[in-house]
Structure formats: C-alpha cells, structure tokens
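Inspection log for the structure reproduced underneath, given as structure tokens.
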Number of protein chains: 2
Amino acid sequence: MPKQTFFNLKEAKKERIIEAAVDEFAAHPYLKTSINRIIERADISKGSFYQYFSNKKDLYKYVIDQASDAKMKFLAQKLQDYQKLEFFELLRELFIAGIEFKREYPLFSQIGDYLLDGSNESLKEEIYADSRPKSNQFFEELLEEAVMKEEVDPNIDIKLTAFMLTDFSISIVSYFFENHNPENVDQIMDYADKMLYIMKNGIAKGDKNVIN
Amino acid sequence: MPKQTFFNLKEAKKERIIEAAVDEFAAHPYLKTSINRIIERADISKGSFYQYFSNKKDLYKYVIDQASDAKMKFLAQKLQDYQKLEFFELLRELFIAGIEFKREYPLFSQIGDYLLDGSNESLKEEIYADSRPKSNQFFEELLEEAVMKEEVDPNIDIKLTAFMLTDFSISIVSYFFENHNPENVDQIMDYADKMLYIMKNGIAKGDKNVIN
DNA sequence: ATATAATGTGACTACAAAGTCATGTGACTT
DNA sequence: AAGTCACATGACTTTGTAGTCACATTATAT
C-alpha cells in the first residue's frame, strides 16, 4: 500500500505519478523498470517518491490493483446481467469483452502481459496468488451452474476445464491481436464463434448434437 | 553462437560451463541472471568468459538451443512411429511426453518457463520467432492430415485449433505439475484422457458421437 | 506572526552489473 | 632455445540501480 502522504496529494499530482508509473511498467518488464525514470517523468524528486511508496514493489502492486479494478469494472459493465445468459453466450461475451479491454486499455493490458512473465517469480506469485485462483473459481462456478442447467456435459472435469478456460481467456486475446485487426468487429465475432464451436463440440469428426 | 575458442575447450570444461549456465538460467529469470555467478560456479575468469561468448545473450541462446534439442530428441524417441497412430492417440502421447520431459529435465523446463516470461521482449521474440510457429505448424500439419483421414471435424479452423493445441501442450504441463504428483503415472494418463475428452467432444451437453 | 507539522529535495552511499584490457602462462613449432 | 599462438586472468571502468538523509520549503494551526 502507498503511504498516507501519497493519498494526501492533489489529484492531479497523483495522476501524474500513476501515469508515469503505468507508462514505465508497460514499457519494460518489472525487473527492468526504473524508479529513476518514473520520478523523472512524473517530475518529482527521489526523496518524494520514498515518502509516497515504500519501494518499487509497493508502487507496482498499486498500479496492478488499479489495472485489475479497471478490468473488473469494464467487464461488469459489458456483462451487466450475465446471469440471464446461456453459458456459451456468456463465454462468447467474455471473450469479446477481453479483446475490447485490451484494445481500449492497451497499457494496462501490457502490464498484465509482463506480469504473466516470470520476471520475478515470488512477486508474481504474490500477485497471482489472488488473481489466477479468482479466475479459476469464477469459471468453476459458471461451469457448475451450467452443468446443473444441463447446458454443459456433466462428464467433464470441472477444475480442469476451468483451468483451460482461464488459460484461453488470456491466450485468445493475444492470438487475436497477433493475427487480426483489432478494429474489425466482425472478425472478433467470427473468431469468438469459431472458438466456441470447438469448446462446444470438440474437434472430432462426426455429427454434433449441438449446431452452433 | 559461442566463439570458436569455446568449442576448442576440453569436453569437461565445456560441460562445467554449460552446467553452471543451466543452473543459473533455471534459477533466475533472464534479467536477473549474472555472468559473475556463472563464472564463479564454472570456475573460470571473467576474461575467459568473453573469449568464449560475446555476451550473456550469446550464452543464453546457446543454452536454449541445447534445451530444445534435448526436448526434440526426447519427443522423437517417445513417438518413434507416430505416423501410424490415430490423431487423438498421438495427441495423448504428446501430452504425456510433455509431462515426462519436464519431470526428467526439470532445469531445461524451468529455463523454458522463464523464456515464456516477458523478461526481455525482443529477446523472447528472437527466440520464439522460431519455436512457436514451429509448434503451430506441426499441429497444423497433423490437423490437416487428420481431417483428410476423417478423424477430425472438417469444419474447424485449422490455424486457430493449432494455436489452441500449442497452448494446451504448454499449459497442460503446468496445470499437471501444479495439481498432481508428477511421479504418479496413472494420474498422468487420467489427466491426458480428460483433456482429450474435451478436445474431442467439447463441453456442451448432449450425446456425443465419439465415446472416449 | 510564530510555531509546528507536512511535504519536497537531490547529492550521496552502497552495490552489482557488463564488458575491457594489459599482462601472464603454457604448449607446440621451428 | 626462441618464438608464436591460443587461452587465462582479475583488476578496472563505466553504468545503472535502490534507497537514505540532512536540509529546504510550504502549508496549517495557534
């Protein structure tokens, strides 16, 4: 947590600092980021920095928190009454929202990507200790519900499937940005649909009971 | 590429150096690795190091090459006449072999894990520029064949599916090591089967044409 | 206006890293 | 025996880092 002195600052200054930090953390993997560059960019002194934050990690975690808050809010807004959606519809919306978030908040996403990196194993664990299980659990709950509603095959291993979905919801987005134009909404849809087709029906040949 | 002087060294000394490097690169993410520690461990001088390698990256790439060679050889050995296998059988063998490789060469795998990390974006790209497309293409070819042999649904998007499979073949292994005892062979099998069930049939509810 | 508290500062310390270079050593050649 | 060549060395330079601290400035309260 940043120190009280940070929160006492004027909004404009706080923003300046956070913006500088976001830029830095999005531009370099954690280990290569430099407090020196951040304070230069934010136009504050070294001494001030250490009056606001106890160290780099402190600032980093705060920025990560801000980013994941932003993502949560974004998703919550896009998926307002997701309870009403059928499971695969929801999955579709989630994929699309993930792509949209990266498009609209590229810096936050970049920081997230670096986090996935093993830059600093223990730090990653500290942060992911919350986040990954949260995502896994989210999908586990969705799957359990969907099995009850008889939308999803009761034979699947829920924990494993949740893990797969978490993994996808990350890698999908990078695949999309690597291979497609992120402005093309039709492509997003098309892609999400292909994705879902496989998740629904698998890839084995044969008549499928579920026609997409 | 290491310099000629390195290759001129006695086998024992080369091995000592590579071993020290492997230990170091497996113990820390790239940016945190230290030439100083490597030379200390390998018991050579700073000057000598720079007579063997032009810099840290040079050594690193060499070690990565060694590791991926080892993995290729390992897989080739485990899947000797894979041409004869049915597609999903082959997939199963691949998953299992991936798990076994990590169990038998944990250091190499650890280095690979750190590589996935964004430690150094441009370096990662330099190295992955080869590796990831290679894996994608491998799966693409397998899938094309399997579609022709009518083992796999012709409706799928092959590029996308290949990407998914590459992704899985990585994440499967980490999931397994996070959640299971790597010595338990039955568990490996069980896990690979669950995995395949989903890839084959998807997760939607309904009668499946393919019974695992 | 004065006193007190809060915030700001940047030179400085301590450290570790990569990479260089002049010099040393030992084996092999002529 | 003299000379050559490949390899070995570690002190040294340069560069960057995180974090500290004595002091300066500004805001707030009395």
Side-chain angles (χ1 to χ4, degrees), chain A residues 1-21 23-25 27-64 114 119-123 126, chain B residues 1-21 23-64 114 117 119-123 126:
Chain A
M1 264 287 129
K3 301 181 181 173
Q4 187 55 44
T5 48
F6 174 73
F7 295 110
N8 293 343
L9 295 175
K10 283 181 253 171
E11 208 53 40
K13 191 166 190 177
K14 273 192 285 189
E15 273 169 25
R16 219 172 61 225
I17 294 168
I18 293 306
E19 202 186 306
D23 285 349
E24 178 69 9
F25 289 129
H28 308 276
Y30 180 74
L31 289 172
K32 253 195 179 169
T33 53
S34 153
I35 291 177
N36 290 334
R37 278 194 298 261
I38 293 174
I39 62 174
E40 195 184 359
R41 199 150 185 167
D43 198 35
I44 60 170
S45 72
K46 200 60 166 291
S48 291
F49 180 89
Y50 284 96
Q51 292 213 330
Y52 307 148
F53 308 96
S54 26
N55 50 41
K56 185 160 79 168
K57 195 165 91 176
D58 190 21
L59 168 60
Y60 185 62
K61 282 176 150 186
Y62 182 68
V63 168
I64 293 278
Y114 277 134
S119 316
N120 183 325
E121 200 58 24
S122 64
L123 174 56
E126 244 179 88
Chain B
M1 264 288 128
K3 300 180 181 173
Q4 188 54 44
T5 47
F6 175 73
F7 294 110
N8 293 344
L9 294 176
K10 283 182 252 169
E11 208 54 40
K13 191 166 189 176
K14 274 193 284 188
E15 272 169 25
R16 219 172 62 224
I17 293 168
I18 293 306
E19 202 187 309
D23 285 349
E24 180 69 9
F25 289 128
H28 308 276
Y30 180 72
L31 289 172
K32 255 194 177 170
T33 54
S34 153
I35 292 177
N36 290 335
R37 277 195 297 260
I38 293 174
I39 61 172
E40 195 184 358
R41 199 148 186 169
D43 199 33
I44 59 171
S45 72
K46 200 62 167 288
S48 292
F49 179 89
Y50 283 96
Q51 293 212 343
Y52 307 148
F53 308 97
S54 25
N55 49 43
K56 186 160 78 170
K57 195 165 91 178
D58 189 22
L59 168 60
Y60 184 62
K61 282 176 151 187
Y62 182 69
V63 168
I64 293 279
Y114 277 136
D117 310 341
S119 316
N120 182 327
E121 200 55 27
S122 63
L123 174 56
E126 246 178 87

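A, B, ... follow the sequence lines: proteins, then strands. Residue 1 opens every chain. Small disclaimer: the values here were computed from a predicted structure and weren't measured.
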Sugar-phosphate only, base, or nothing, as touched by A:K13 at under 4.0 Å among non-hydrogen atoms: sugar-phosphate
Residue pair A:D58 / A:Y62, side-chain heavy-atom distance below 4.5 Å: no
Atom of A:L9, atom of A:K14 and distance for their closest heavy-atom approach: O-CE, 3.5 Å
Heavy-atom side-chain contact between A:P2 and A:L59 under 4.5 Å: no
Protein-nucleotide distance (B:N8, atom CG; C:dC28, atom C1'), rounded to Å: 15 Å
Protein-nucleotide distance (A:K3, atom NZ; C:dA5, atom C1'), rounded to Å: 17 Å
Which atom pairs link the protein and nucleotides 24-30 of chain D when you take only N or O atoms and keep those under 3.5 Å?
none

Whole angstrom value for the distance that separates P of D:dA8 from CD of B:E40: 18 Å
Heavy-atom check, side chain of A:K56 versus side chain of A:Y30, under 4.5 Å: yes
Other residues, nucleotides, ligands: >12 heavy atoms within 6.0 Å of B:K3 NZ: yes
Atom pair distance, as rounded to whole Å: CD in A:Q4 and P in C:dA6: 11 Å
Beyond-backbone contact of A:I44 with A:Y52, side-chain heavy atoms, under 4.5 angstrom: yes
Sugar-phosphate, base or nothing in reach of A:Y52, heavy atoms under 4.0 Å: sugar-phosphate
Criterion salt bridge (Lys or Arg N to Asp or Glu O under 4.0 Å) on B:R37 and B:E40, from CA distance to verdict: CA-CA 5 Å; B:R37 277 195 297 260; B:E40 195 184 358; over 6 Å; no
Interatomic distance, A:K57 NZ vs D:dG19 C1' [rounded to whole Å]: 15 Å
Euclidean distance, atom NZ of residue A:K14 to atom P of C:dT7 [Å, nearest integer]: 12 Å
Between P of C:dG8 and CZ of A:F6, the distance in whole Å: 11 Å
Sugar-phosphate or base contact per nucleotide [nucleotides 16-22 of chain C; S, B, -; heavy atom under 4.0 Å]: -SBBBB-
Parallel, tilted or perpendicular: ring planes of B:F53 versus B:F6, cut at 30 and 60 degrees: tilted
For atom OH of A:Y60 and atom P of D:dA18, their distance in whole Å: 14 Å
Heavy-atom closest contact (A:Y50 atom, A:I35 atom, distance): OH-CD1, 3.4 Å
